[in-house]
Every structure is written in C-alpha cells, then in structure tokens.
Amino acid sequence: MATTAAIPKYNLNDDQEKKLILREYRALLRGLKPKLKPGDKELLRHAFEMAADAHKTMRRKSGEPYILHPLAVARICVEEIGLGVRSTICALLHDTVEDTDITLEDIEREFGGEIARIVDGLTKISTVIDVNASQQAENFKKILLTLTDDPRVILIKLSDRLHNMRTLDSMKREKQLKIASETVYVYAPLAHRMGLYNIKTEMEDLAMKYLEPEAYREIARKLAETKRERSRYINEFIKPIKEKLDHTSFPFEIYGRPKSIHSIWNKMKKKAVAFEEVYDLFAIRVLLDVPQELEKEACWKVYSFITDEYTPAPERLRDWLSAPKSNGYEALHTTVMGPQGKWVEVQIRTKRMNEIAEKGLAAHWKYKEGATDESRFDKWFQQIREVLNDKDNDSIDFLQDFKTTFLAEEIYVYTPKGDVKMLPVNSTALDFAFAIHSMVGAQCIGAKVNHKLVPISHKLRSGDQVEIITSAKQKPNDGWLDIVVTAKAKSKIKDALKEEKRKVADEGKYTLQRKLEQSGAAFNQHNVDVLTVFYKLPSPLDLYYQISIKAIDLKELKEFQILGDKLEPPKPVKPVEHKVEVQTVKPSKDTELIIFGESSDKIVYTLANCCKPIPGDDVFGFVTTGKGLTIHRTNCPNATKLLSNYGHRIVKTKWAKNKEISFLTGLKIVGLDDVGVIHKITNLISGEMKININAMTIEAKEGLFHGNVKVYVHDKEELEELVDYLKKLPGIETVDRYDAEA
Ligand code: MN
C-alpha cells in the first residue's frame, strides 16, 4: 500500500488472513463436535469452502474478508443458540444467494431441499432493508410466511442481525441509526418472543449505544465506577447463603449479575430517577445442577435458605416453576431485603432452565418433555400464518399490529367447551369474539367471563372462560378499533366499516342525484367531480357519504353557476353582501366577539344542523348568504372545511349565560340490564336533576341494554353534570352524547 492514511485499521497479509479464517472455522467445528454424525464434517467443509470461494473477493466495511461474517453468524447459531449441523450450513451460506453468483439451485443440488428452503427464506429477509416503509412492511409480511414454515430461519436471521450489530462501528452514521432502530423495533422483541434473553439484551444494549450514545456511555461509566463497591456488597450478601448451600448435596453456582444498560436506562426513564436511585443494578443468580425430577424441590429449598437469612417482599415472588412464561422461561424470582437495607433480586434456576433462558426455542426442542411447549410455538406460528394470509390487511399498519399481536406475551383463555385460545396480553372480550369467528365478532354485544356479564371492552386474563353474547342487530363501529388489539379483529372491523360506509354512501348518492336534477344540473361525472373538489373530499364515495350523514347539506348548491347542465363552482363571496345585523363586529378582529344566546339579542342566527351546538360548546359563527349567522361546533365534521376555505366568513363567537332557553340533545346509554335500571335513569334525570326528557327508548337484550334519551339542557355544563351522574349509576357502562333530531 502506498499511503498509510488510507489503510483501514484492519491490515493483515494474505497468509495471516488465511490463518485467521481457518482458526474461526476450527472454533466453529469445536462447538459442533458433540452433535457431529458421520458425514457431517464433510458437508460442513463443503459449505464452508463454497461460501469462502463465493465471497473471496468481497470485504466487509471494516476491511475484513467477508467470509468472517458468515463464520461468525454460524458460531452464534452454534454457541449462543445451540443450533445443529444443518442450521450451521445455512448460516455459512446465508449471504451467498443474495450477494454472489451462487444460486438456490446450486444449493439445492449440493445440500438438498431443506437447506435450500431455509437459505431462500434468509435471502428474502435481506431484501427487506433499504426500501420505503410500506414496501418494507409488505416484504416483511411475505418473509414471515416463510419464517413460520421453519423457525430456524428466524433463529439464523437473529444471529445474522446480532453479528451485524456487533460490527456496526464501521458503518456510516445514517446506516447505524437505521439498523439500530430496526433492531429495537423488530428483532429484539422477536428474540424475546423466542426466549433468547441474552441475545435480546445484547441487541438492546448495542442499539442504545448508537441511538442514545450519551446516555449509554454515562451509564456504562457509572457501572464501571461502582463495580468494586458492588462486588463487595454481592460477596457480603452471598456469604451466608453459600455456607448453607455447601451443606447440601447438589452442585451449585451463585453470583451477582449486573442488569443491562438498556434496562437500567429504561428504569431511570420510567421512574424518572437518577442512576444512583436505581436500586436493582444487579441480580443474584443461583444456578443448581440437579436432575429434572428434583428441580422444583431444590429451587424451593434454596428459596427457603435465602428467606431465612433475608426478609422477602412477598409481592415480588414470581413462581415460573409451576407456570412457565409463554416463551418457555422457567425460574423462581424473589426480592429480599439485603444488608444495609437494600432490596436485592434473587433468581433461582437449574442448569436446564438456564439453558432455556439463554437459548430459547432451540433448547426447548432439546428438552422436549411432553408436547406442550412445542405445540405452543406451533399455535403461535399458525396464528401468524392466518393473519398473513389475510390479503386485505393494510401493510403499513401491519408491522405495528404484528408487534402488538405476536411479540407481546400472550394469555390463554377458554371457550365454554374448554377449547383454549391464545391471545396477546390486553386482549378484550371483543378480540376473543373475533378469534372465534368474524361473524361472532361483528355481532358481539357483550360476554360472560367466568359466568359474569361484562362489556365487549372487558380485558381478559389468562385462565378466563369466555362466552360471547351476540345480537343480529349489532354492527361494528369506529370505536371498536380502540377496543381490540389483535390484528385479525382490527382488519375485520375495518372491512365491516368500509362495507357500511359504502351502504350509507348509496343513499347519499341518491340524494345528490335528486338535488342536482332539481337545480337543473345533471347527475354526471363532471358535476360530481366539481362538488368533490369543492368540498375538498378525497373521492365521490366520501362526497356521497358526507351527504348521507348530513355532514354536507348541499345548500351551497344554490351558489353554484349552472351552464347548460354543467355545474361551475361559485364565485368567491364578498363579505359586504351580507346584511347581518352585526355592523359593529369586524370579523377579522379576534378581540371582538358576538355574544349570542341572550333573549334581548338582535342577531339573527341559527344553530347548525350538522353538529347541533348547545351553550358551552366551543363554537364559531359562519356567515351564510340569506340566513345570517350559522353557529357550528369547532369539532363539527364541517369545521375544518369551513375554517380553511372561508376564513373571511368566520366570526368568532361566544355563548352568553342563559337559563331560559334550553336545547335538545341526545344521550346514548349502554349498561348491564338490571331490574329498575330505567327507573334509576329517569329518576336521576327528571327527579334529581330536574331536566326535561323529550323522548326515551330502551332496548334490552341478553343482559345488556342500549338506551337513547333525548333531553332539554340549558348548556354544556349542565349536560356534563348529567353525564357524570349517569356514569356513576351502578351497571352503567358508557354514556355518550349524540345530536338528537328534534
Ligand atoms: Mn449476513
């Protein structure tokens, strides 16, 4: 090399490089040794040579020969996840199809279909990176389909990602940020879900190093500074326990383990405390080496040693011996008061449990005792496949939905017949209904959880027995989207809403046709387009819909010019044309207000039909031709359109106190049906609050009732007070205002 400055920090000569590569390869073989069967060594050698040859001219950004990367990925698969020979071959070849002349056919010919399929899956994942967000989500979806066919694809991909994170230093800053965020967003949760705690933790720490470099360095520095003090404390804590353990017959290890930088940082943020105030900077871990049949007994014995010595916090006891976590984790955790009155977390597990905690899914297969754990993962994969196969699923929402549905820990709930359904944490009765069938979901009006009646929004817990109550009259609404967490329920609700909107729009279309023809214009594409543009709506369907729900009343149609049968948008209206009796008010000045609602008021105004304001609502006035001022609520569906298009016709307004005029408004009340509920409601409204009821309908079915009450209130305050009181009545679930027709 001519200049020294250009030489990368990596600078070995060819011989040294060859030695390094071979050393790595031998280390890989050493890790696999216990698993090698006759013929495996030759296959591995073949894969290694094929990959080395294919990548021979390539170098990583650091300057290293490229083959060191697949070798490192293979070592992670073997040493940190515990995968076997076939996975190792796939790991060695994982970048060949993507980056070299080797084809899938070559791999299939040399190593067979199984390995070719896995490499194919891995190749598809690498193409996810570097495309736009929706494309990426779409690809991710396709890939997951492949992944679920063979979980080894995920495990090898996680090893690949981990090695890339470990060697992220040589990348450009922009790339570092992208890869690091993708890692926290998808890969670390995926690792957690697969039970790979160490890999998850390391990924999070590495990502934080690039995403939050200052916080990372600060915590790392403080951890280093306090290390001696910590080990002294740990030794003091361990000493009496160790003495007792020495008297038992089983081999053990006991040591202190610092928590990850990322988890310490999370705690600091969550509790808004400084590093010095995070009490559990480390955990004590006791590892026992006992036969599987003695595990439980031995762990509880250690628990009693510890709690004899130190006082436990009973609410912090976690027994994952009897009921392992859904990702397979088993252990006994407790938090005790250690020397100097400090709380210390102690984790008790056996070697087998430890291996499961570190190697996750792969270790499960090794210890396969009974079919339960395996079928648990199978069910998980089955559910992923179901959602992925749903073609209408919006791919941009998909990543988020995937995360909440599949990477969260899940609960197990039962049907009345005892079938078990697996759902993500925070699932509601409505999610469960959709999990059973989309029709059951769409018609769900409530549920019985452990024989007790609950609303559809009820959050389920593991072990619940759930019976869904349906009604043919029920229809999904927008609010349902906030109730459900599963991807399946979300997409089914969205479908139903779209369908519903289409139906409603059909009516609006008819209305529009009539009005256009009455005004002498034709119902044709041109005129519909003119109106759609005029109302700034994304499509004619939206126009029809807005007309149908009366958000657009088409009164402005009068202002349009009609040439032949063609509609032309109205000319801008000059504000002076209007003889609104508010000469003193200059609409442009914010300080001047129209006070209305007083009986002495001379101002002509009407309350908008679209949003039916009542005193106390946030409102604005809109100057209309001929009708004077129309008062709209600021959250009126038309408000944005009016405010943004007709700024010069907007008048700032305010309500005056008024106790003489009352306004009609409606309340929808939903609750559990119960004797006397109607009496309680009417008694509260007209008896206690002395509010006039205009009309009331109650529909009760299978334990739930829906009530519509129209009342005359004086202002918003009074209405809010009424709503508050109603909500406090026993059994009332929701009380919502709607705009009552007189
Ligand atoms: Mn790779």
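Both ligands and their constituent atoms are indexed starting at 1 by order of listing.
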Donor-acceptor side-chain pairing of [X] and [Y] below 3.5 angstrom:
X    : Y    : value
R60  : S170 : no
E345 : T335 : no
H333 : D319 : no

(message) For the aromatic rings, using the six-membered ring if either is Trp, is the centroid distance between Y210 and Y216 under 6.0 Å?
(response) no
(request) From the options R221, R228, K222, K227, select the one residue that forms a salt bridge (Lys or Arg N to Asp or Glu O under 4.0 Å) with E225. (result)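 The residue from R221, R228, K222, K227 that satisfies salt bridge (Lys or Arg N to Asp or Glu O under 4.0 Å) with E225 turns out to be R221.
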(request) Could you tally the protein N/O/S atoms lying less than 2.8 Å away from the Mn ion (ligand 1)? (result)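 Protein N, O or S neighbours of the Mn ion (ligand 1) under 2.8 Å, waters not counted, come to 4.
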(request) Give a yes/no verdict on a cation-pi contact between K269 and W265, requiring under 6.0 Å between NZ or CZ and the six-membered ring centre and an angle within 45° of the axis. (result)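 That pair qualifies as a cation-pi contact.
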